[in-house]
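Everything below concerns the one structure shown next.
In what follows, every chain begins at residue 1, and chains take the letters A, B, ... in the order their sequences are listed. Remember, it's a predicted structure, so these values are computed and weren't measured experimentally.
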Amino acid sequence: MKSLRLENICKSYENVRALDHVSLRIDAEEFVVVMGPSGCGKTTLVLTILGALKPDGGHIFVDGEIIDDLPIEARGIGYVPQDFGLFPHLSVRENISFGLRVKNAPRDIIDQTVDKMLSFVDLKQLADRRPSELSGGERQRVALARALATNPSILLLDEPLSSIDEATKADVRVRLKAILKEAKATTVCVIHTPEDAFALGDRIAVMNQGRIVQVDTPSELLRNPKDSMVKKLIATMYV
Amino acid sequence: MRSKLSLAIGVGAVAFIIYMLVASFYIYFIAVVSWENVAPRFLSSRVLGALFIGVSASFIVGILSLVVGVPFAYFLTYRDFRFKSTLETLMVDLPQTFPPVTVGLVYLLLLGPGSPANIAFTYFAVIVAKFYVSSPFMVGFAARRFREVKAKGLDLIARSLGADVKHLLFWIIIPLSKRDLLAGFSLTWARAMGELGATMVFAGIIPWRTEVIPTLVYSVSQTEPYTAVAAAIVAETLSIMALLSLRRGVKERQ
């Protein structure tokens with residue numbers, strides 16, 4: 001896995017500034033959560049890193065190299081959207097092998113990698129099922145396995161816990177963190193609930209109105225919130 | 001006051017239903033009461049000839065619509081450019097409202113006698129005339145479904161996994177749109193089967209050469225009414241079958 005650096009990224013939609021000079025550095029294998037209220041620019045940031053949106057200004061570096069002009073398919077960035085985006089007509093195994101098949105990987109490599117990923121996310125027994133036959137947590141693990149199977153340099157997760165029901169959320173959260181730690185994935189994860197953000201992130205970048213207002217470890221954020229919005233978000237955890 | 005309005009709505013609805021159903025199914029009633037005269041006409045060489053030309057030309061139109069319409073629907077879905085909605089209106093909506101006889105006239109002037117590529121009054125003319133009128137149905141169905149797939153963000157995920165246009169189209173979009181494309185094919189085929197104006201003007205009504213069921217019905221309705229009824233029954237039954245397959249396809253996806 002590689003490091004990611006965002007330098008003064010700006011993005012506007014007509015008169016609304018969605019990203020306002022966003023700069024952020026994420027070390028290799030680090031898990032950074034981008035947290036903030038709805039509409040603060042989190043998803044725009046993820047889609048800009050992915051390459052689905054072209055920034056109005058600024059640069060994106062992966063391991064020190066600019067990737068601004070690379071199309072999505074050449075960036076080597078894994079992406080798991082809010083609803084996990086599994087291909088509904090493909091089985092779990094076919095979903096996970098998709099990225100390897102489009103890259104024309106040899107058959108034995110595909111089989112080995114898929115078996116490894118299925119064991120990794122503990123879904124071997126569900127390999128032949130369709131996404132519609134899986135629970136929310138299982139779908140999430142398939143999406144992670146699919147993204148990780150191609151060995152991406154960076155992994156982007158957009159609200160990975162929002163489709164998970166409250167009863168299983170704590171378990172899914174622990175499992176998600178364990179999988180990503182074991183995969184040594186450099187991860188940018190967008191989350192709007194402080195509880196999830198503090199439980200998952202090595203560091204948390206708090207966003208408000210298109211700007212990053214504070215980036216710190218969870219304990220430092222709790223100890224020393226530097227912005228009224230950060231204080232407010234933290235306060236909601238104790239309500 | 002309210003009950004009078006309800007009554008008026010009810011009467012209007014019933015009158016509309018009768019009007020539509022009579023037009024749709026009266027021909028079956030005529031066929032049943034005149035069965036002895038109509039039945040032999042089903043196998044008359046002229047009806048069979050028109051049926052073969054109509055079915056085969058409409059099938060070719062359906063295939064061509066798939067071959068051309070799917071890439072065009074992809075283009076409309078994934079490319080953003082100025083005047084895109086105007087282009088879509090011109091390519092999808094206008095041909096469905098344009099008077100077909102005018103289309104026939106345009107092709108007659110463009111590809112008829114006097115043109116270096118004179119194909120007027122040939123089997124190709126039947127295909128060309130039907131294609132203009134029918135292919136927008138395929139583009140419309142395909143574009144609608146492709147936009148649904150795009151709205152789910154599956155294209156972004158596929159591309160993040162390394163997929164190019166070929167993979168996106170053949171591994172994701174088309175497999176997820178199979179039923180809609182089949183429904184689009186059915187509707188395109190049914191529309192092509194029923195097309196009269198453009199075919200009549202550009203391809204003419206030459207039995208066993210360019211005559212199709214609608215032009216046969218038109219040309220013999222005064223002189224050989226039983227042949228016209230037999231041909232109309234064939235055309236309408238095929239349309240109903242195409243519509244049922246379309247409904248089934250859409251329902252299964254839901």
Task: Toward chain B, the part of A:A147 with a non-hydrogen atom under 4.5 Å - done: backbone
Open item on the list: If you apply the rule side-chain contact (heavy atoms from CB on, under 4.5 Å), what do you find for B:S160 with A:I77, and how did you get there?
Closed with: CA-CA 6 Å; B:S160 75; A:I77 293 179; over 6 Å; no
Open item on the list: The test is side-chain contact (heavy atoms from CB on, under 4.5 Å); show your working for A:V102 and B:D164 and say whether it passes.
Closed with: CA-CA 8 Å; A:V102 300; B:D164 59 18; over 6 Å; no
Residue [X] excluded, over 12 heavy atoms near [atom1] under 6.0 Å:
| X | atom1 | result |
| --- | --- | --- |
| B:Y19 | OH | no |
| B:Y123 | OH | yes |
| A:E65 | CD | no |
| A:K116 | NZ | no |
| B:K150 | NZ | yes |
| B:K178 | NZ | no |
| B:F59 | CZ | no |

Open item on the list: Rounded to the nearest 0.5 Å, what separates atom CD1 in A:I96 from atom CG in B:L161?
Closed with: 11.5 Å
Open item on the list: Working to the nearest 0.5 angstrom, can you tell me the gap between B:I157 CD1 and A:F84 CZ?
Closed with: 11.0 Å
Open item on the list: What I'd like to find out is whether the side chain of B:R159 reaches to under 4.5 Å of the side chain of A:L50, using heavy atoms alone.
Closed with: no
Open item on the list: Checking B:I172 against A:F98 for the side-chain contact (heavy atoms from CB on, under 4.5 Å) test, could you report, in this order, the C-alpha distance in whole Å, the side-chain angles of both residues, the deciding distance, and whether it holds?
Closed with: CA-CA 10 Å; B:I172 302 293; A:F98 185 90; 3.6 Å; yes
Open item on the list: Using modelled atom types and a 3.5 Å cut-off, is there a donor and acceptor pairing between side-chain atoms of A:H89 and backbone atoms of B:W171?
Closed with: yes
- [ ] State, to 0.1 Å, how close A:L86 and B:L154 come at their nearest heavy-atom pair, and which atoms those are.
- [x] O-CD2, 4.0 Å
